[in-house]
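For reference, the structure is listed below as structure tokens.
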Amino acid sequence: MGAAFLASWPWENLGMFKYALYGPLVGRAVASRSWERGSPDHWLFLLLALFTLRALTYQLWSSYSNMLFLTRRRRIVRDGVDFEQIDKEWDWDNFLILHILIASAIFYVFPLLRHLPAWDARGLAVAAILHVVATEPLYYLSHRAFHGGRLFARYHALHHSSRVPTPFTAGFATPLEHLVLGALVVLPLAGACAAGVGSAGLAFVYVFAFDFLRAMGSCNVELFPAGLFRAAPFLRYIIYTPTYHTIHHTGKASNFCLFMPLFDRLGGTLDAASWELQEKNRAGVDEVPDFVFLAHVVDVMQSMHVPFVMRSFASTPFAVRAFLLPCWPISLLFMFMVWAWSKTFVICYYHLRGKLHQTWAVPRYGFHYFLPFAKDGINDQIELAILRADKMGIKVVSLAALNKNEALNGGGTLFVNKHPDLRVRVVHGNTLTAAVILNEIPKGTAEVFMTGATSKLGRAIALYLCKKRIRVMMMTLSTERFQKIQKEAPEECQQYLVQVTKFRSATQCKTWIVGKWLSPREQRWAPSGTHFHQFVVPPIMEFRRDCTYGKLAAMRLPKDARGLGSCEFSLERGVVHACHAGGVVHFLEGYKHHEVGAIDVDRIDVVWEAALKHGIRPA
């Protein structure tokens, strides 16, 4: 059986090119200088402005919904929005294209509408009455009809296939449903125009209010004060709440109204528990995670790669995109604000085997970690986050990237030594990071060249490899630090650790382990066919076309991770940095020790096997 009539969008295969459908309207608006009040096409400028406002309304509600530092206590459906749902709702704005094409056609069919006055207050009263007596009951009846057998299966089931309501879910439906919805939106406006009291301002006010309430109802965050409906019970039938609509979205058997529960009351479909649940959700509860990954911002561009800025962008690996450039000044201002006032906050979360895992962000950017005067402030932020986690009863906190920098806090030893009674386990995750790098080195390798060789990771990798009788050329100018590491190796293996001070020593070695930034000039010393394994942040530039470059050490989370909907920096979906995965392993194994400071080389294989046992796989 073929697809149902008007069950799919005619431009659904165009991808981003669907926005070319706005082209004729935008081109006409620009050509006629429609932004000038005297332009005959001024109506077109207003129409484009209205639909820009509509799109922005849903986007801002989505941003608010994903601001977990504000909303997590009052979330109604506690599951996270996963990649599957994000992809499904990717083209949520299809209905805006449909509606603007219909609206522009109406203006061409009825040219008198192009000359509406800016405002007529009488029109607002007419539109409000028509909304209550026509739009609300007709929506209720049509909505119930779409829940009937065939109509639901062929049309409305698509909307309800999204498990977690979001503002974008409100726009996620079939063309037929949005044609019906568009007609119901137009009805009060058409009535006001027919009565001679229509205006451009009315269109903005009514359509904005309509979209605002639809996006609010699907935001999955309870907003209304619990005491409001006790103090004024009649309001229960005048305005719905996010809880009210979520009951419908998840249960599908009650609460069918548009915005006014009065019509559910009249139709006998009002869920009696709606207000009790509304009070419960408004009171909120702060779920305590079992595991926290304590991250930090990389730079101003990457600060926009979070769900509360753009959910769809955050669900793909980070890359600098052209559309980010106009947002850069705002993000720069945001950087100064969080630097001055913010504390560590929640970015995203997922569930793994029934346990809540969260990512928190220290409000500091990558360059802050290299400012001498910022060191104490950063450690204060990390310390406060660890103490907060300890107070909450969190089991493991894993430190990301620069948050565990040796020069900053000794790989986390500063906090453990300062607070010896911590119940939360502090983990730098470098043991698994080392394991990932070591397991990428092909079997049979006889010699490697390593920069950053005397760092925590460099030391552990060198000692591990020399025990395997692999020659390690350790690039360092410090003979003292080299000899200290060499003495840690078994006496019969010390000969495999070789200090080198110049890159020319590695001109015949095709396995480079990079723990310190390499300039393009330094990369030239590598022979053709070299593979660069990396544990340097940020990764080195891929300058050599005749060589290959490894990604940062990373692992893929188990398949049963639920609610995962954002990518960790430039990594693929479902993949996290090895230090993140190392913290997860620490929690799943129930280790009682802190993993801070120097890496225990003897535990590298143990942690690797534990990761594989729990379904955490190499990326």
Side-chain angles (χ1 to χ4, degrees), residues 289 291-299 302-303 305-307 314-319 344 346-350 352 357-362 364-366 369 382 385 396-406 408 411-412 426-440 452 455-458 460-461 513-515 517 532-540 549-558 561 564-588 595-596 599 604 607-608 610-612 614-619:
F291 167 78
V292 164
F293 181 55
L294 190 60
H296 62 81
V297 189
V298 176
D299 56 32
Q302 188 270 334
S303 69
H305 190 247
V306 288
S315 72
T316 60
F318 174 76
T344 299
V346 183
I347 293 290
C348 58
Y349 68 94
Y350 61 91
L352 180 61
H357 293 208
Q358 289 182 345
T359 295
W360 296 0
V362 174
R364 295 296 182 269
Y365 290 59
Y369 290 78
I382 299 171
V396 174
V397 171
S398 184
L399 305 178
L402 297 174
N403 284 336
K404 58 187 177 189
N405 187 279
E406 187 70 23
L408 182 70
V426 180
V427 176
H428 56 42
N430 284 339
T431 307
L432 186 58
T433 302
V436 171
I437 296 167
L438 289 164
N439 280 276
E440 288 177 349
S455 64
K456 285 196 306 288
L457 268 169
I461 293 169
I513 303 175
V514 183
W517 176 262
F532 294 96
H533 303 270
Q534 303 189 60
F535 62 92
V536 60
V537 179
I540 61 176
Y549 294 79
K551 302 297 184 182
L552 290 177
M555 299 286 280
R556 188 174 297 279
L557 288 174
L564 194 62
S566 58
C567 289
E568 204 163 277
F569 193 36
S570 59
L571 301 179
E572 297 176 8
R573 289 178 167 185
V575 175
V576 297
H577 291 96
C579 53
H580 181 151
V584 174
V585 171
H586 205 92
F587 166 68
L588 293 175
E595 184 191 320
V596 295
I599 297 171
I604 290 176
V607 172
W608 177 254
L612 298 180
H614 288 289
I616 301 173
R617 300 291 173 183

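For clarity, every value in this text was computed on a predicted model and none was experimentally measured.
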Report summary line: Note: G411 and K456 closest approach over all heavy atoms is CA-NZ, 3.9 Å

Query raised in the report: Below 4.5 Å, heavy atoms only, C-beta onward: do C348 and F293 meet side chain to side chain?
Result: no

**Report entry** Validation row: S455, F535 side chains within 4.5 angstrom (heavy atoms)
**Finding:** yes

Report task. Evaluate the side-chain proximity of S398 to H586: yes if any heavy-atom separation is below 4.5 Å, no if none is. Result -> no

Query raised in the report: Do the side chain of Q302 and the main chain of F318 share a donor and acceptor less than 3.5 angstrom apart?
Result: no

Can you give the donor-acceptor pairs under 3.5 Å from side chains of residues 567-578 to other protein atoms, not counting sequence neighbours?
from	atom 1	to	atom 2	distance (Å)
E568	OE1	H580	ND1	2.7
E568	OE2	H577	N	2.8
E568	OE2	H577	ND1	2.8
E572	OE1	R556	NH2	3.2
R573	NE	S315	O	2.7
R573	NH1	D87	OD1	3.2
R573	NH1	D87	OD2	2.7
R573	NH2	D87	OD1	2.9
R573	NH2	S315	O	3.3
R573	NH2	S315	OG	3.3

Query raised in the report: Distance-only, no hydrogens or angles: does the H533 side chain make a donor-acceptor pair with backbone N or O of G515 under 3.5 Å?
Result: no

Could you tabulate the donor-acceptor pairs under 3.5 Å formed by side-chain atoms of residues 431-440, not counting sequence neighbours?
from	atom 1	to	atom 2	distance (Å)
T431	OG1	E595	OE2	2.9
T433	OG1	G429	O	3.1
N439	ND2	A435	O	2.7

Requested in this report: Can you see which heavy atom on I616 is nearest to which on M555, and at what distance?
Outcome: O-CE, 3.4 Å

**Report entry** Heavy-atom side-chain proximity of Y369 to N403 below 4.5 angstrom
**Finding:** yes

Query - For the student: nearest non-hydrogen atoms of W517 and I540, plus distance - result: CZ3-CA, 3.2 Å

Query raised in the report: Q534 side chain to G550 main-chain N or O, any donor-acceptor pair under 3.5 Å?
Result: yes

Query - Stepwise side-chain contact (heavy atoms from CB on, under 4.5 Å) test for L352 and F291 - result: CA-CA 10 Å; L352 180 61; F291 167 78; over 6 Å; no

Query - Exercise: identify the closest heavy-atom pair between P618 and W608 - result: CG-CH2, 3.5 Å

Query raised in the report: Shortest non-hydrogen contact from L399 to K404?
Result: O-CD, 3.4 Å

Query raised in the report: Do you know the tightest heavy-atom contact between Q358 and V346?
Result: OE1-CG2, 4.0 Å

Query raised in the report: Considering residues at least two apart in sequence or located in another chain, which fulfil the side-chain contact (heavy atoms from CB on, under 4.5 Å) criterion with L564?
Result: F83, Y350, L557

Requested in this report: Before giving the answer on side-chain contact (heavy atoms from CB on, under 4.5 Å), spell out for R617 and L612 the whole-Å C-alpha distance, their side-chain angles and the decisive distance to 0.1 Å.
Outcome: CA-CA 6 Å; R617 300 291 173 183; L612 298 180; 3.7 Å; yes

Query raised in the report: Is any side-chain heavy atom of L402 closer than 4.5 Å to a side-chain heavy atom of L408?
Result: no

